[in-house]
Amino acid sequence: QVQLVESGGGSVQAGGSLRLSCAESGYSYASSSLGWFRQAPGKEREGVAAIDRDSNTIYADSVQGRFTISRDKAVNTLYLQMNNLKPEDSAMYYCASVPWKISATRRLNPVAYNYWGQGTQVTVSS
């Protein structure tokens, strides 16, 4: 059974940094596409960043240049380094995976992913 477990969330002031981690188990990690998503209260879940099995990355415009997604295949872990955080980045952050490659146009679309973690809260104060 596929399992995703996020960690690393917390509360920071604007301009600060956090690093989220997502430990994955249950199938061939190296062949999957992975993504980070977030959902603020009253808003739809949105794609933040995604990485495919060839380590090609894509970012939402709102986080481009501030966030970095990466993966360590040796330890089956996905990361999201978040720098220069803003209050509007506050949300529950989720990692997601799918055991095949998905097109670039769909990598930030939540419906393209079928496995989800439980989420980790990020709160940025001004």
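Numbering starts at 1 and runs along the sequence shown. Predicted, not measured: the structure shown is a model, and the values here were computed from it.
At distances below 3.5 Å, at least one donor-acceptor pair connects side-chain atoms of Ser33 with backbone N or O atoms of Trp100. Between the side chain of Tyr79 and the backbone N or O of Thr68, no donor-acceptor pair lies under 3.5 Å. Looking only at distances, no side-chain donor or acceptor of Ser97 sits under 3.5 Å from a matching main-chain atom of Leu34. Side chain of Gln1 to backbone of Gly26: no donor-acceptor contact under 3.5 angstrom is found. A donor-acceptor pair is defined here as one N or O able to donate and one able to accept, closer than 3.5 Å; no such pair exists between the side chain of Arg107 and the backbone of Ala49.
Hydrophobic clustering (ILVMFWY, side-chain heavy atoms < 4.5 Å, transitive): Ile102 and Trp116 are in one cluster. Under the 4.5 Å side-chain heavy-atom criterion for ILVMFWY residues, no single connected hydrophobic cluster contains both Ile69 and Ile58.
The shortest heavy-atom contact between Ser17 and Asn84 is OG-N, 4.2 Å. Of all heavy-atom pairs spanning Ala60 and Gly47, the tightest one is CB-O, 3.4 Å. Nearest heavy atoms, Ala40 versus Ala91: N-CB, 3.9 Å. Residues Thr77 and Ser21 share a closest heavy-atom pair of CG2-CB, 4.2 Å. Heavy-atom minimum distance, Gly35 versus Tyr113: N-CE2, 3.7 Å. Looking at every heavy atom in both residues, Arg66 comes nearest to Leu85 through NH1-CA, 3.9 Å.
Considering Glu6, Arg38, Gln118 as possible partners of Tyr94, the one that fulfils the side-chain contact (heavy atoms from CB on, under 4.5 Å) test is Glu6. Checked against Trp36 for a side-chain contact (heavy atoms from CB on, under 4.5 Å), the options Val63, Leu108, Leu78 give a single hit: Leu78.
Note that CG of Asn56 and CD1 of Ile51 are 8.0 Å apart. Values are rounded to the nearest 0.5 Å. The distance from the OH atom of Tyr59 to the CG atom of Leu80 is 7.5 Å, given to the nearest 0.5 Å. From Met92, atom CE reaches atom NZ of Lys43 across 15.5 Å, with rounding to the nearest 0.5 Å. The CD atom of Gln64 sits 8.0 Å away from atom OG1 of Thr57, with the distance rounded to the nearest 0.5 Å. Taken from OG in Ser126 to NZ in Lys86, the straight-line distance is 13.5 Å, to the nearest 0.5 Å. Rounded to the nearest 0.5 Å, atoms OG (Ser32) and CG (Asp52) are 9.5 Å apart.
Using a 4.5 Å heavy-atom cutoff, the side chains of Asp89 and Ser62 are not in contact.
Note: Phe67 and Tyr93 have tilted aromatic rings, judged against thresholds of 30 and 60 degrees for the angle between ring planes.
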